[in-house]
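All values derive from a computational prediction rather than experimental measurement. Within every chain, numbering begins at 1; the chains are lettered A, B, ... in the order of the sequence lines, protein sequences first and strands thereafter.
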Amino acid sequence: MSNHEKKGGQVPQPDLSRRRFLGAAGAGAAVAASGGVAFAQGKPDPLITEIQDWNRYLGDSVAAHPYGKPSKFEAHVVRRDVEWLTASRESSINFTPIHALDGIITPNGVCFERHHGGAPEIDPSKHRLMINGLVDKPLVFTMEDLKRFPGRTNKIFFLECAANGGMEWKGAQLNGCQFTHGMIHNVMYTGIPLKVLLDEAGVKTNGKWVMPEGADSAAMTRSIPIEKAMKDCMVVWAMNGEALRQEQGYPLRIVVPGWEGNMWVKWLRRLEVGDQPWHHREETSKYTDLLADGRARRFTWIMDAKSIVTNPSPQAPLKSKGPNVLSGLAWSGRGTITRVDVTIDGGKNWVAARLDGPVLPLSLTRFYADIEWDGREMLIQSRAMDDTGYLQPTKDELRKVRGVNSIYHNNGIQTWLVRANGETENVEIS
Amino acid sequence: MSKFRKVLALALFAGLAASPAIAKKVGLGREALPEEVAAWDTDVRPDGAGLPPGKGSVKEGEALFLEKCASCHGEFGEAVGRWPVLVGGQGTLKGESPEKTPGSYWPFASTTFDYIKRAMPYGNARSLSDDEVYAITAFLLQMNGIVKDDFVLSKENFTSVKMPNVGNFYDDDRETTEKAFWNKNPCMKDCKKEAKVTGHARVIDVTPEDGKGVKVE
């Protein structure tokens, strides 16, 4: 794990008291409404004074849920898709409900999905991984073989689709961070370094590129430079301690830390070593960034630093004045998040948010700002910085360089308008 | 080799573990047979590497396309509904709504061959013979004005096909062209005079409610 175990302590974490953040807002506390539940002043709460069913009768037995699910009261916390986006739901995407999650780990059941020919159901005993091309000896492995390899390791990484936010290039479009920023998840993977397998096959000196290929009906392929393949890529069979989910590549996928999600080929069945990139469909027709002059950038693999305030957000409006927790996520494909600034006045003034929990390289990082809301309209933004000094740009700064047709790699600063009634909306500002 | 593993290896295979040759290869898996590699390694590169023997004409390709592809991609590759467009788009890349097709955008003809062979027709992948893939590729090239009506595409003449947009791709240059985004001392106070809302998602709100999508055709 080595550098994965660094804790947040090394990152400057200023003590951001509510009062310091909103300054004059102290007075707001006086007019703040009390919590959401109906509660008549002075009258005892029947939820306390009366015996409730769950306090009297037996609950579920240990045999009731061999595989546990979230409480039924959390049934709204699900992946959602946008039906009109694609012609076929087998080649489509859904979005992680990041507005309803906390911490940095995404639960397996709500990790967003993107596949190009449906998520296949593969019997692991029938799955094979082949390594061929410019190697000393082409090899075939079973899942059992892979799980016997020395060097097994666990690492936490974010996976972001390069098209996350792709619908927002021309302006604010979708009302909810689930839809604007939900093509991301962050889990702990178990597997072996890709290098271990490549060394086993013996990469020839002219082997400069590695191409993973999927076993599904889309047989996804991408070209990965050998330096990256040898540095930190992994071949994995588990996420968050259990087998990969079918929709995340069960039984095997490749992990390409910090790089665009499309390269993390699922249902991995083959690794070919070559001396040139393949220029396949997913790295020409797709995942190239068309700029305003009609030319296109290719091989834009790294996901730049980005952040999003998940609460409040259109799906998670503010309900009460007074103390509130502004919360969000930040990440960078170039390294570790060192700092996240937040503003409530549309970028006139910023304060550093508090990074909390593990602050790991190439992982989601959680940030909080404890605020005192007096009911005034707010224009909330966050901006992330990573340890290379890269600072998340504004949407207009991005558009100046890239135009509005590049679809991919939209890491511009998001703005939420919080109205006096707490309702929150996706807006663009000057 | 970690210390723990060394100890373990020593314990289990006392004599063997001392030999450095053993430490190099784990010895798991087995050699892939040529037939197995041939069955899966169908990928094709711009320099023609990986092309199978075979050929197909524009004419044959047209008949195949009408039969196997047109129901989604349209008789002329113009697409039915929101299925992908495969023909046209030339001259649109700098415009407001660029149309990226194998003809207008894709830098190499090999990509079309490789992709059709690996993934199309959608829902019945790998059902086409190599000659059929040559023929359909030839037809798509002809529809996009890249080859003539009587063209026969083959392994031999494949790399002679040049795609019009090949010169318009360049490698990631963000670290130079976007250097300004590296800024360790961002403004924190009085950074701008005003912040005015210039656009609302609500105006063109297409956010799905309750998991149901909004149909926008």
Portion of [X] that has a non-hydrogen atom of chain B nearer than 4.5 angstrom:
X: A/R79; result: neither
X: A/L197; result: neither
X: A/L139; result: both
X: A/M211; result: side chain
X: A/H76; result: neither
X: A/A201; result: backbone
X: A/P314; result: neither
X: A/D199; result: backbone
X: A/R128; result: both
X: A/A292; result: backbone
X: A/I302; result: both
X: A/T180; result: neither
X: A/N411; result: neither

Taking atom types as modelled, is there a side-chain donor on [X] or [Y] under 3.5 Å from an acceptor on the other?
X: A/S285; Y: B/W106; answer: yes
X: B/Q90; Y: B/N165; answer: no
X: A/T142; Y: A/D145; answer: yes
X: A/D386; Y: A/T388; answer: yes
X: A/E213; Y: A/T221; answer: no

(request) Could you tell me how the ring of A/F179 sits relative to the ring of A/F95: parallel (under 30°), tilted (30 to 60°) or perpendicular (over 60°)? (result) perpendicular
(request) May I ask you to decide if the ring planes of B/F65 and B/H73 are parallel, tilted or perpendicular, using 30° and 60° as cut-offs? (result) tilted
Checking [X] against chain A: side chain, backbone, both or neither under 4.5 Å from a heavy atom?
X: B/Y122; result: side chain
X: B/E96; result: backbone
X: B/N124; result: neither
X: B/F169; result: both
X: B/E178; result: side chain
X: B/D114; result: side chain
X: B/W83; result: both
X: B/C72; result: neither
X: B/V80; result: neither
X: B/K179; result: neither
X: B/K100; result: side chain
X: B/Y115; result: side chain

Heavy-atom pairs under 4.5 Å with chain A - which of [options] has more of them than the others?
options: B/T101, B/D47, B/L33; value: B/D47
options: B/K184, B/M188, B/K94; value: B/M188
options: B/F108, B/Y105, B/F181, B/W40; value: B/W40
options: B/R174, B/R126, B/K193, B/K196; value: B/R174
options: B/A125, B/P98, B/G123, B/S110; value: B/P98

Other residues, nucleotides, ligands: >12 heavy atoms within 6.0 Å of [X] [atom1]:
X: B/Y170; atom1: OH; value: yes
X: A/K400; atom1: NZ; value: no
X: A/R148; atom1: CZ; value: no

(message) Test your reading of the model: is there a side-chain donor-acceptor pair from B/K25 to the backbone of A/E200, 3.5 Å cut-off?
(response) yes
(request) Using atom types as modelled and distance alone, determine if a side-chain donor or acceptor of A/N426 lies under 3.5 Å from a backbone N or O of A/L174. (result) yes
(request) Please lay out, stage by stage, how A/E283 and A/S223 fare under the test side-chain contact (heavy atoms from CB on, under 4.5 Å). (result) CA-CA 8 Å; A/E283 48 204 14; A/S223 305; 2.7 Å; yes
(message) Any non-hydrogen side-chain atom of B/T111 less than 4.5 Å from a side-chain atom of B/M163?
(response) no
(request) For residues B/V147 and B/L153, determine if any side-chain heavy atom of one lies less than 4.5 Å from a side-chain heavy atom of the other. (result) no
Just so I understand: if I count every heavy-atom pair under 4.5 Å between each of [options] and chain B, which residue has the most?
options: A/R402, A/Q315, A/E144; answer: A/R402
options: A/R298, A/H409, A/Q392; answer: A/R298
options: A/S88, A/G117, A/G403; answer: A/S88
options: A/D304, A/D345, A/L417, A/D289; answer: A/D304
options: A/L291, A/D293, A/V404; answer: A/D293
options: A/E272, A/M385, A/E90; answer: A/E272

Should [X] and [Y] count as an ion pair when the cut-off is N to O under 4.0 Å?
X: A/D81; Y: A/R89; value: yes
X: B/D43; Y: A/R270; value: yes
X: A/R297; Y: B/D171; value: no
X: A/E282; Y: B/R118; value: no

(message) Taking ring-ring contact (aromatic ring centres under 6.0 Å, His included) as the definition, give me every residue that meets it alongside A/W416, ordered by chain and number, with sequence neighbours left out.
(response) none
